[in-house]
S.K.: 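Starting off with a structure, shown below.
Reminder, nothing fancy here: chain letters follow the sequence lines and each chain counts from 1. A quick note: this is a predicted structure, and the numbers were derived from the prediction, not measured.
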Protein chains: 2
Amino acid sequence: MLEGMTTRDPRAAGLARLTGLIADETRAACLLALLDGRAWTAGELARHAGVAASTLSEHLGKLVTGGLLAEERQGRHRYVRLADATAAQLVEDLAARVAPGTAVRRPRTLRESTAGSAMARGRTCYDHLAGRLGIVVTDAFTARGLLRRDTGFALTDAGLRWFDTAGIALDRRGRRPLARACLDWTERRPHLAGAAGAALCRHALQARWCVRIGSERAVKVTDTGERALSELLGIEAGVLR
Amino acid sequence: MLEGMTTRDPRAAGLARLTGLIADETRAACLLALLDGRAWTAGELARHAGVAASTLSEHLGKLVTGGLLAEERQGRHRYVRLADATAAQLVEDLAARVAPGTAVRRPRTLRESTAGSAMARGRTCYDHLAGRLGIVVTDAFTARGLLRRDTGFALTDAGLRWFDTAGIALDRRGRRPLARACLDWTERRPHLAGAAGAALCRHALQARWCVRIGSERAVKVTDTGERALSELLGIEAGVLR
DNA sequence: GCGAGACTTCGGCGGGTGCCGAAGTGTCCG
DNA sequence: CGGACACTTCGGCACCCGCCGAAGTCTCGC
């Protein structure tokens, strides 16, 4: 090694280390899968990524050590999930930049096709709503003056009141911004993320405005949900079918 | 290669490719240097990164092919700069996540110390103001009701009027958001980025509210600048010395 | 033109990393 | 308590990638 090279930029080293953590197809596949916001077992991820359990174990070790994943051991299972909202945002942001180039791929089988269009209609993205559903809701917020998007991305006072009257509590402690734009990779437009997006999604699942389909992160709007979205946001019933 | 493995997730492959582009200390150092928003020659970057010209040439090839850098050939020089605002934002966001861990490093020499504190006082971050200067301006915007940060991050109507009366034109075409939060790595708080941040920075340099110091991206507020910031934003003269 | 200078291409070296299967550890359940 | 199961550790293999210096290409200025 060169002796004089003690002045390597520590920021560059850190940046390379962080991105190197994601710069592997298997680890990337895991991170994308974990964007559903739920905890997966190591075995599930190994099958999902198509590698041996031993290989995946090493990958998980790196991701946990690197701070992107958090783990919980339960008996003989090792559950992992994205470490926090900032980790999810990181993966989302990176994935959004990538998606435009790869979104041209067409589904090959009917099963893939229906699964794909279910995902496109509505899904969760970490802890908020995405897909057609996420966009329609975000647009309705904007149209009704609850969300300001022309000069940035922020809830309005009317927006705060809306959450209040809808009975959805907003967690305004912590540094997490209330509203944040998250680029939707099927719609290619931003949808509502941040603490408000998370609160809305949580409430939507709790109140059964929508339910998860299958084991994926796709969701389907229920009849109850259609009524609620129509009443509270003026969203027409047919739009989400 | 395995024949059956045609179903590798293209999104994961793209994500790995993108991050792999940054996951090298030398390339990361280049990207961080280019965050000043200006064009560097290949030779300058090679010296900056401490590698041979031939090595750096290959790195630049990858970064340009990967879409992160744009190049301009002028005679025997090859100038490179960040491809666009989205590329800059990508690097900024990643760097911001990294900074907290590495910011503990203390300057070792007087030269480094003064250069460091000049950077901390004020600098450009791609095309907007950062450092103490960026934070003070952003805080002044918030305090005067020009920028709304409690529910997201957006200019207010008063904010739009401020730009108008200050004679700073805002480019509202294009998809670039007017206001966006960019995490400051010396102050560890968000400062104003986006089209409005860029317009403000451009105006500040044009009207000589601040000038660049040395060849780095540090900037210094002039007397003219102190008067302007005091009049237009109520920023006290002493704060930025 | 012709040399100096900036950049690129090439060959080759060395180290790092992902992959696997086999063996080992810990947990659950009958 | 013993077998099934989930995960981890280990050794070994193959490949990729960054690095350099030498030689090549291109441009500028005299």
Side-chain angles (χ1 to χ4, degrees), chain A residues 1-5 8-9 12-13 15-31 33-34 39-66 68-81, chain B residues 1-5 8-9 12-13 15-31 33-34 39-66 68-81:
Chain A
M1 306 300 158
L2 298 179
E3 284 302 328
M5 289 303 294
R8 291 298 283 249
D9 184 351
L15 182 52
R17 209 174 324 119
L18 173 62
T19 49
L21 222 47
I22 314 176
D24 173 89
E25 193 167 337
T26 302
R27 287 196 293 269
C30 292
L31 291 169
L34 289 163
W40 292 49
T41 69
E44 285 169 337
L45 284 173
R47 251 166 289 136
H48 175 79
V51 296
S54 59
T55 301
L56 201 110
S57 177
E58 290 170 357
H59 286 306
L60 289 187
K62 293 184 186 180
L63 290 170
V64 170
T65 304
L68 288 181
L69 298 189
E71 67 180 0
E72 267 165 79
R73 309 253 175 176
Q74 272 181 31
R76 53 187 165 184
H77 291 283
R78 177 195 206 176
Y79 284 94
V80 292
R81 53 180 169 75
Chain B
M1 303 306 153
L2 299 178
E3 285 300 327
M5 289 303 292
R8 291 297 284 248
D9 184 351
L15 181 53
R17 209 175 323 118
L18 173 62
T19 49
L21 222 45
I22 314 176
D24 172 90
E25 192 166 339
T26 301
R27 287 197 292 270
C30 292
L31 291 168
L34 289 164
W40 291 50
T41 68
E44 285 171 336
L45 285 172
R47 250 166 291 138
H48 175 79
V51 296
S54 59
T55 301
L56 202 110
S57 178
E58 289 170 357
H59 285 306
L60 290 188
K62 293 183 185 181
L63 289 171
V64 170
T65 304
L68 287 181
L69 299 189
E71 68 181 359
E72 267 165 77
R73 310 250 174 178
Q74 273 179 31
R76 53 187 163 185
H77 291 285
R78 177 194 207 178
Y79 283 95
V80 292
R81 54 181 168 71

S.K.: Taking only side-chain N and O atoms of A:His59, does any of them lie within less than 4.0 angstrom of OP1 or OP2 on C:dG18?
M.R.: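 For C:dG18, OP1/OP2 do not have a side-chain N/O of A:His59 under 4.0 Å.
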S.K.: Does a side-chain N or O from A:Arg27 land closer than 4.0 Å to OP1 or OP2 of C:dG18, or not?
M.R.: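 Yes.
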S.K.: Is A:Arg47 close enough to D:dA6 that one of its side-chain N or O atoms is under 4.0 Å from OP1 or OP2 there?
M.R.: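 Result: no.
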S.K.: Using a heavy-atom cut-off of 4.0 Å across all strands, would you classify B:Ala52 as base, sugar-phosphate, or nothing?
M.R.: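 It contacts sugar-phosphate atoms only.
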S.K.: Taking atom P of D:dG18 as reference, at what distance in whole Å does atom CG of B:Leu63 sit?
M.R.: 10 Å
S.K.: Using atom CZ of A:Arg73 as one end and atom P of C:dC28 as the other, report the distance to the nearest whole Å.
M.R.: 13 Å
S.K.: Identify the residue among B:Leu56, B:Leu31, B:Leu45 that makes a side-chain contact (heavy atoms from CB on, under 4.5 Å) with B:Thr26.
M.R.: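 Among B:Leu56, B:Leu31, B:Leu45, the one meeting side-chain contact (heavy atoms from CB on, under 4.5 Å) with B:Thr26 is B:Leu56.
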S.K.: Would you kindly give the CG-to-P distance between A:Leu21 and C:dG18, to the nearest whole Å?
M.R.: 10 Å
S.K.: How does protein reach along nucleotides 22-30 of chain D, written 5' to 3' as B (base within reach of a heavy atom under 4.0 Å), S (only sugar-phosphate), or - (no contact)?
M.R.: B----BS--
S.K.: Can you sort out the partners of A:His48 under ring-ring contact (aromatic ring centres under 6.0 Å, His included), two or more places apart, ordered by chain and number?
M.R.: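 A:His48: ring-ring contact (aromatic ring centres under 6.0 Å, His included) contacts with A:Trp40.
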S.K.: To the closest 0.5 Å, what do you measure between NZ (B:Lys62) and OG (B:Ser57)?
M.R.: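 With rounding to 0.5 Å, NZ (B:Lys62) is 11.0 Å from OG (B:Ser57).
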S.K.: Using a heavy-atom cut-off of under 4.0 Å over every strand shown, decide if A:Ala42 touches base, sugar-phosphate, or nothing.
M.R.: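 Here A:Ala42 touches the backbone only, sparing every base.
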S.K.: Under 4.0 Å between a side-chain N/O of B:Lys62 and OP1 or OP2 of D:dG18, yes or no?
M.R.: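 Checking D:dG18 against B:Lys62, a side-chain N or O does come within under 4.0 Å of OP1 or OP2.
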S.K.: Grab the two heavy atoms, one from A:Ala46 and one from A:Ala53, that are nearest each other, plus how far apart they are.
M.R.: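 Distance-wise, the nearest heavy atoms are CB-CA, 4.2 Å.
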S.K.: Should A:Thr55 be listed as having a side-chain N or O under 4.0 Å from OP1 or OP2 of C:dC19?
M.R.: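 For C:dC19, OP1/OP2 do not have a side-chain N/O of A:Thr55 under 4.0 Å.
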S.K.: Looking at every heavy atom in both A:Arg81 and A:Leu34, which two are closest together, and how far apart are they?
M.R.: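 Closest approach of A:Arg81 to A:Leu34, heavy atoms only: CA-CD2, 4.0 Å.
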S.K.: Over how many whole Å does the gap from A:Trp40 atom CH2 to D:dC7 atom P extend?
M.R.: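 For the pair A:Trp40 CH2 and D:dC7 P, the rounded distance is 13 Å.
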S.K.: Starting at CD of A:Glu71 and ending at C1' of D:dT8, how long is that distance when rounded to a whole Å?
M.R.: 12 Å
S.K.: Could you state the CG-C1' distance from A:Leu60 to D:dT9, rounded to the nearest angstrom?
M.R.: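 Result: 15 Å.
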S.K.: Check the phosphate of C:dA6 against B:Arg78, side-chain N and O only, distance under 4.0 Å to OP1 or OP2. Yes or no?
M.R.: no
S.K.: My understanding is that only residues two or more places apart in sequence, or in another chain, count here; which of them pass side chain to side chain contact (heavy atoms under 4.5 Å, CB included) with A:Ala12?
M.R.: A:Asp9, B:Glu25, B:Ala28, B:Ala29, B:Leu32
S.K.: Whole-Å distance between D:dG18 P and B:Ile22 CD1?
M.R.: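 Atom-to-atom, B:Ile22 to D:dG18, this comes out as 13 Å.
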S.K.: Which whole-number value in Å describes the distance from A:His77 NE2 to C:dT27 C1'?
M.R.: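 So the two atoms are 9 Å apart, to the nearest Å.
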S.K.: Return the 5'-most residue of the pair A:Glu58, B:Ser57 with respect to DNA chain C, ranking by each residue's nearest nucleotide.
M.R.: B:Ser57
S.K.: Can you tell me how far the NE2 atom of B:His59 sits from the CG atom of B:Leu21, to the nearest 0.5 Å?
M.R.: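 It comes to 11.0 Å.
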